[in-house]
Trainee: 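First, the structure itself, so that you have it in front of you.
All values below come from the heavy atoms of this structure, side chains included, with hydrogens, waters and symmetry mates left out.
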Amino acid sequence: MIRLAIQSKGRLNEESLRLLKDSGIDVDDTKRKFIGKASDFPLELLYLRDDDIPGVVADGAADLGIVGFNEVSETGADVKVIRRLGFGRCRLSLAVPKIVDYNGLDWFQGRSIATSYPSILNRFLSEKGISAEIREIKGSVEIAPAAGIADAIFDIVSSGGTLVSNGLKEVESVLESEAVLVCGNDVTEDKQEIINSVLFRFDAVRESRGKKYILMNIPSDRVDEAMLLLPSMRSPTVMPLALDGWSSIHSVVDDAELWRTVESLKRIGAEGILILNLDKVID
Ligand code: ATP
Ligand code: MG
């Protein structure tokens with residue numbers, strides 16, 4: 001049995017549960033308590049505040065955690081990042097009132113900066129040789145300049161909309177973040193085996209995201225051209241149809257390339273094109 005800590009509510013909760021569900025690790029989410037148990041996998045879920053996850057994994061109270069890389073970096077907890085999970089993307093940035101005529105990091109010399117991420121900010125400022133006063137506040141950091149609490153802020157940005165609506169502009173991006181899977185440093189062999197199985201499933205789910213399975217019929221003399229349009233995991237599967245002179249091709253295409261590929265395939269005579277969702281991809 002292993003224990004996985006995830007955020008109990010908030011921005012990472014839903015995607016964390018979806019990843020588990022898609023991995024066949026079903027946890028009854030309806031009667032959510034502090035701990036949940038998967039019905040068909042040796043895993044317990046621990047629901048926590050995101051700030052507490054790195055520490056709990058470092059202490060061994062949980063074996064794995066899903067948490068923003070920003071929290072791992074801020075807490076400095078002794079954990080290993082074993083996968084990036086591709087959701088919860090954001091960055092930690094310095095922002096100043098939009099009326100400021102900003103001309104580089106020196107602007108921060110001797111100023112005050114409000115943040116909920118004092119360690120990351122402190123590290124960054126010392127690295128750059130800037131001495132500024134860090135004012136730690138837990139929430140609503142973006143209102144600090146207007147409220148006269150600080151000259152600038154250091155906070156999470158994703159679209160930048162919150163900054164703009166508070167009369168601020170982003171001037172330096174300091175740390176890129178996304179949700180990551182972390183584990184502790186001494187894992188027993190039994191647990192490692194279960195962790196490997198979690199990794200195998202997470203990888204298969206991630207690999208399938210952003211891809212479609214495509215199949216079509218095509219005149220056999222155009223198959224070579226079609227192959228050039230269809231980079232597949234190894235190579236596309238080609239099968240003869242019962243109808244003489246026609247073949248069927250099956251392949252996997254990235255969502256980003258999908259429409260361009262389909263249009264090119266139609267131009268060379270592809271017919272009966274089917275596009276299907278991929279559930280899992282196991283390499
Ligand atoms: P908790 O109650 O668990 O302490 P929280 O309020 O500290 O929650 P959330 O706002 O739910 O945290 O954000 C969780 C994580 O989601 C962040 O630490 C970050 O990694 C990620 N994230 C992605 N985009 C954003 C964003 N626009 N604003 C805040 N966090 C974001
Ligand atoms: Mg938090």
Side-chain angles (χ1 to χ4, degrees), residues 5-16 34 46-59 61-62 65-79 81 87-180 182:
I6 66 166
Q7 199 190 15
S8 55
K9 53 186 167 45
R11 287 169 199 267
L12 302 181
N13 170 266
E14 215 172 281
E15 284 281 357
S16 304
F34 180 55
L46 199 54
Y47 299 98
L48 296 175
R49 294 274 316 257
D50 69 344
D51 325 48
D52 294 331
I53 294 175
V56 162
V57 174
D59 294 348
I66 296 179
V67 67
F69 181 69
N70 51 313
E71 293 297 333
V72 177
S73 179
E74 176 64 22
T75 56
D78 189 15
V79 294
V81 172
F87 57 89
R89 287 215 170 87
C90 58
R91 56 192 184 276
L92 279 171
S93 292
L94 282 161
V96 301
K98 67 170 184 289
I99 46 157
V100 165
D101 182 17
Y102 183 79
N103 48 14
L105 273 177
D106 268 347
W107 184 86
F108 289 99
Q109 209 68 261
R111 310 234 183 209
S112 56
I113 309 170
T115 188
S116 314
Y117 294 90
S119 312
I120 299 173
L121 179 58
N122 187 34
R123 250 178 285 149
F124 175 75
L125 294 175
S126 349
E127 228 171 71
K128 302 287 179 190
I130 304 286
S131 86
E133 190 195 332
I134 298 175
R135 301 211 171 134
E136 183 177 353
I137 54 175
K138 295 281 179 209
S140 306
V141 172
E142 65 284 351
I143 61 146
I149 296 170
D151 299 315
I153 67 163
F154 176 63
D155 202 11
I156 290 184
V157 182
S158 51
S159 68
T162 310
L163 291 183
V164 173
S165 58
N166 284 283
L168 300 169
K169 62 180 176 189
E170 183 179 3
V171 290
E172 306 281 345
S173 156
V174 173
L175 182 91
E176 293 287 327
S177 181
E178 68 186 271
V180 292
V182 294

Trainee: For residues 134-154, which residue pairs qualify under salt bridge (Lys or Arg N to Asp or Glu O under 4.0 Å), counting only residues two or more places apart or in two chains?
Mentor: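 Every pair satisfying salt bridge (Lys or Arg N to Asp or Glu O under 4.0 Å) with a residue in residues 134-154: Glu133-Arg135, Glu136-Lys138.
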Trainee: How close do Ala114 and Ala144 get, counting heavy atoms only, and between which atoms?
Mentor: CB-CB, 3.5 Å
Trainee: Can you give me every donor-acceptor pair (side chain of residues 69-77, partner residue at least two apart or in another chain, under 3.5 Å) with its distance?
Mentor:
residue	atom	partner	partner atom	Å
Asn70	OD1	Ser177	OG	3.1
Asn70	ND2	Tyr117	OH	2.9
Glu71	OE2	Tyr117	OH	3.0
Glu74	OE1	Ser119	N	3.3
Glu74	OE1	Ile120	N	3.0
Glu74	OE2	Ser119	N	2.9
Glu74	OE2	Ser119	OG	3.0
Thr75	OG1	Glu71	O	2.9
Thr75	OG1	Val72	O	3.2
Thr75	OG1	Ala77	N	3.4

Trainee: Which heavy-atom pair separates Pro54 from Asp51 by the least distance, and what is that distance?
Mentor: CD-O, 3.7 Å
Trainee: Backbone N or O of Thr162 within a donor-acceptor pair of the Asn166 side chain at under 3.5 Å?
Mentor: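 Yes.
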Trainee: Going through the distances and angles, do Tyr102 and Glu172 end up as a side chain to side chain contact (heavy atoms under 4.5 Å, CB included)?
Mentor: CA-CA 10 Å; Tyr102 183 79; Glu172 306 281 345; 2.6 Å; yes
Trainee: Measuring from atom CG of Leu168 to atom NZ of Lys98, what distance do you get when rounded to the nearest 0.5 angstrom?
Mentor: 8.5 Å
Trainee: Would you check if Leu125 and Phe154 make a side-chain contact, meaning some heavy-atom pair closer than 4.5 Å?
Mentor: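 Counting from C-beta outward, Leu125 and Phe154 never come under 4.5 Å.
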Trainee: Please report the interatomic distance CZ(Arg123) to CG(Leu175), rounded to the nearest 0.5 Å.
Mentor: 8.5 Å
Trainee: May I ask you to test the Leu94-Leu105 pair for a side-chain heavy-atom distance under 4.5 Å?
Mentor: yes
Trainee: Heavy atoms only: give me the nearest Phe108-Ala132 pair and the separation to one decimal.
Mentor: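 What the structure gives for the nearest pair is O-CB, 3.5 Å.
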Trainee: Taking atom CZ of Phe87 and atom OG of Ser16, what is their separation to the nearest 0.5 Å?
Mentor: 4.0 Å
Trainee: Take Lys169 and Val96 through the side chain to side chain contact (heavy atoms under 4.5 Å, CB included) test and state the conclusion after the steps.
Mentor: CA-CA 6 Å; Lys169 62 180 176 189; Val96 301; 3.9 Å; yes
Trainee: Just verifying a value: how many Å separate Ile134 CD1 and Asn122 CG, rounded to the nearest 0.5 Å?
Mentor: 4.5 Å
Trainee: I need the minimum non-hydrogen distance between Ser93 and Glu170, along with the two atoms involved.
Mentor: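 Nearest pair, atom of Ser93 first, then Glu170: OG-OE2, 2.6 Å.
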Trainee: What's the shortest heavy-atom distance between Ala179 and Leu12, and which atoms?
Mentor: CB-CD2, 4.3 Å
Trainee: Distance check, rounded to the nearest 0.5 Å: Leu92 atom CG versus Asp155 atom CG?
Mentor: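 That separation rounds to 7.5 Å.
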Trainee: Can you give me the closest heavy-atom contact between Leu46 and Val56, atom names plus distance?
Mentor: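 Nearest heavy atoms, Leu46 then Val56: CD2-CG1, 4.1 Å.
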Trainee: Would you say Glu178's side chain and Gly68's backbone share a donor-acceptor pair under 3.5 angstrom?
Mentor: no
Trainee: How far does CD of Gln7 sit from CG of Asn13, to the nearest 0.5 angstrom?
Mentor: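 Going from the CD atom of Gln7 to the CG atom of Asn13 covers 6.5 Å.
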Trainee: So Leu48 and Val67, side chain to side chain contact (heavy atoms under 4.5 Å, CB included) or not? Walk me through it.
Mentor: CA-CA 10 Å; Leu48 296 175; Val67 67; over 6 Å; no
